[in-house]
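What follows is a set of notes on a single structure, which appears directly below.
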Amino acid sequence: MGVDQFESTLMFREINEEPVAILNTFRKVRNSIGEVAQILKNSKMVFIVGSGTSYHAGIVLQIGLLRKGIPAVAVRAPEFSHYIPENTEGICAVLISQSGESREVLQSLELCKMKGMKTVAITNCGESSLAMNSAYSLVTDAGKEESLAATKSHIAQLVVIYLIVNNLSTDKNESNETDNIQTLAGMVREIIKKKEIFKQISTNLTGRLVFLGNGLLHATAMEGAMKFEETANLITEAFPMGEYFHGPIQVLQYNDTVIILKGDEVLEFERVRSRVREYTKNTLTIGFDQNCDIIIPKPAIDIFYPILYAVPLQMLANFRTIQVGLSPDKPTRLSKIVK
């Protein structure tokens with residue numbers, strides 16, 4: 001297989017467009033963020049609703065809001081109706097969808113409106129039903145995403161989430177915000193340049209893939225697992241590190257691969273890696289230090305972690321899918337918009 005086959009996919013092209021998507025999204029939404037942040041700050045509770053990749057972004061927003069003292073819960077869109085309390089006064093819903101046309105998200109939007117909840121949309125399409133019918137909308141600028149796998153649109157969603165959380169701070173500094181975004185885009189460029197490393201490592205991803213990550217990185221572990229499912233047809237799992245020992249490790253096989261997203265928890269990481277190595281020959285670590293198999297730049301802000309860890313996983317999924325003879329752009333059972 002030649003290099004052109006690995007790099008000719010729409011998915012690969014769109015991963016390479018992520019630095020531009022970061023900068024463009026920042027410029028597009030920065031003036032609208034303050035009003036939305038104030039709405040969330042004044043809410044009694046915030047629901048965050050999405051499916052698939054958008055749900056994973058929602059988990060990051062949930063953690064960001066909770067850290068700021070705002071009660072929040074991320075809910076998968078098909079389950080949303082089961083979570084709504086009798087009294088919805090003061091409740092806001094943030095609905096996330098790349099296309100803005102996802103069936104379950106639009107159903108959730110209608111339910112919110114019927115229950116009198118304030119609604120905020122995060123979508124990549126300003127003319128979508130979600131954007132047009134929500135009270136407030138934050139439209140990312142990732143450009144048209146043609147590959148089925150959400151890559152640059154997911155990164156753009158996470159940029160919006162960073163801006164929302166940052167605007168909840170009383171000591172927000174706009175010049176620092178601009179510098180942070182520019183630095184982030186540069187870090188993503190650095191990661192993308194490691195494509196030859198990703199190609200080589202992707203050949204070692206055998207058996208079932210298990211993704212482990214804590215906190216913000218648990219959302220990324222879930223996103224990585226889904227990327228390999230929807231593109232390479234692989235069986236995957238995702239867990240917080242310690243949670244993996246509460247049952248799931250029993251089915252780990254010697255030929256399976258455990259991918260550990262090493263954040264700031266050094267002792268927990270060492271404990272987990274040591275334990276899983278007793279049962280599998282394949283472990284892959286992603287993190288900031290020189291002992292990791294894939295080394296990524298470390299940002300000053302931990303809410304950027306889900307962006308910087310997602311990019312290597314997207315690359316690995318693209319290359320592994322080609323290696324097993326499939327197209328990451330057109331999975332046989334999936335469509336870009338679930339209606």
Side-chain angles (χ1 to χ4, degrees), residues 6 52-53 55-56 59-60 63 76 149 191 194-296 298 302 305-326 328 331:
F6 281 112
T53 292
Y55 171 69
H56 301 153
I59 295 174
V60 176
I63 293 173
R76 289 180 171 88
I191 295 171
K194 298 177 183 284
K195 62 182 180 181
E196 297 302 326
I197 295 174
F198 300 139
K199 287 177 190 174
Q200 180 181 356
I201 290 176
S202 63
T203 64
N204 301 323
L205 303 177
T206 60
R208 291 183 307 118
L209 305 186
V210 178
F211 296 80
L212 303 178
N214 285 353
L216 293 165
L217 293 180
H218 175 48
T220 309
M222 295 172 66
E223 175 64 12
M226 194 180 74
K227 279 292 160 285
F228 280 87
E229 285 179 338
E230 63 187 356
T231 59
N233 286 11
L234 296 179
I235 298 174
T236 68
E237 298 177 296
F239 299 95
M241 289 188 195
E243 187 67 19
Y244 188 56
F245 300 138
H246 291 265
I249 194 172
Q250 179 63 30
V251 297
L252 182 65
Q253 301 294 313
Y254 187 66
N255 197 48
D256 294 340
T257 303
V258 178
I259 300 172
I260 307 174
L261 308 183
K262 181 182 179 183
D264 299 316
E265 298 150 313
V266 176
L267 293 179
E268 177 73 350
F269 166 78
E270 294 296 346
R271 180 179 79 93
V272 169
R273 182 172 62 172
S274 174
R275 181 80 185 277
V276 298
R277 280 180 170 175
E278 297 176 24
Y279 306 106
T280 180
K281 65 178 181 178
N282 293 327
T283 59
L284 172 65
T285 59
I286 304 176
F288 310 121
D289 61 69
Q290 297 300 313
N291 296 323
C292 292
D293 300 299
I294 295 176
I295 303 168
I296 60 176
K298 183 171 184 177
D302 69 352
Y305 287 11
I307 294 175
L308 297 175
Y309 280 82
V311 180
L313 297 178
Q314 293 170 353
M315 282 283 202
L316 291 171
N318 176 76
F319 295 142
R320 188 60 185 150
T321 302
I322 297 298
Q323 290 162 359
V324 299
L326 299 172

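Across all non-hydrogen atoms, the minimal contact from Asn318 to Pro328 is OD1-CG, 3.5 Å. Contact record, Gly213 with Ala221: N-CB, 4.0 Å, taken as the closest heavy-atom pair. In terms of heavy atoms, Val324 sits closest to Ala232 at CG2-O, 4.2 Å. Residue Val276 comes nearest to Thr283 through the heavy atom pair CG2-CG2, 3.8 Å, listed as atom of the first residue, atom of the second, then distance. For the pair Thr236 and Ala225, the tightest heavy-atom approach, listed with the atom from each and the gap, is OG1-O, 3.0 Å. Nearest heavy atoms, Gly242 versus Asn214: N-OD1, 4.4 Å.
Distance check, rounded to the nearest 0.5 Å: CD1 of Ile191 to CE of Met315 gives 9.5 Å. Note that the OG1 atom of Thr206 and the CG atom of Asn255 stand 4.0 Å from one another [nearest 0.5 Å]. Atom-to-atom distance recorded for Leu234:CG and Lys227:NZ is 13.5 Å, nearest 0.5 angstrom. One distance of note links CZ of Phe228 with CG of Asn233; it measures 12.5 Å at 0.5 Å rounding. One distance of note links CD of Glu230 with OG1 of Thr53; it measures 5.5 Å at 0.5 Å rounding. With rounding to the nearest 0.5 Å, the separation of CZ in Phe269 from CG in Asp264 is 12.5 Å.
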How far apart are the C-alpha atoms of Leu316 and Ile201, what are their side-chain angles, what is the distance that settles it, and do they pass the side-chain contact (heavy atoms from CB on, under 4.5 Å) test?
-> CA-CA 8 Å; Leu316 291 171; Ile201 290 176; 4.0 Å; yes
Going through the distances and angles, do Phe319 and Thr203 end up as a side-chain contact (heavy atoms from CB on, under 4.5 Å)?
-> CA-CA 8 Å; Phe319 295 142; Thr203 64; over 6 Å; no
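Looking at heavy atoms from C-beta onward, Asp289 lies in side-chain contact with Lys262 at the 4.5 angstrom threshold. Within the 4.5 Å cutoff, no side-chain heavy atoms of Thr220 are placed close to those of His56. Looking at Leu313 and Glu223, their side chains never come closer than 4.5 Å, going by heavy atoms from C-beta outward. No side-chain heavy atom of Gln323 sits under 4.5 Å from any side-chain heavy atom of Leu205. Between Met241 and Val272 the shortest side-chain heavy-atom distance falls below 4.5 Å. Annotation: side chain of Leu267 is not in contact with side chain of Arg271 (no heavy-atom distance under 4.5 Å). Side-chain contact between Thr280 and Val210: absent, with no pair of heavy atoms (C-beta onward) separated by less than 4.5 Å. Proximity of Glu243 to Leu212: side-chain heavy atoms (C-beta onward) are nowhere separated by under 4.5 Å.
Judged by the 6.0 Å distance and 45° axis criteria, Arg275 is positioned over the aromatic ring of Phe245.
In this pair, Phe288 and Tyr309 present their aromatic rings perpendicular. The plane angle is above 60°, beyond the 30 to 60° band.
Cys292 pairs with exactly one of Ile260, Ile286, Thr285, Leu284 by the side-chain contact (heavy atoms from CB on, under 4.5 Å) rule, that one being Thr285.
No side-chain donor-acceptor contact under 3.5 Å links Ser274 to the backbone of Glu270.
Annotation for Arg273: atom CZ counts as buried by contact number, over 12 foreign heavy atoms lying within 6.0 Å. With a 6.0 Å radius and a threshold of 12 heavy atoms from other residues, nucleotides or ligands, Glu278 has its CD atom above the threshold.
Under 3.5 Å, the side chains of Tyr279 and Asp256 contain no donor-acceptor pair of N or O atoms.
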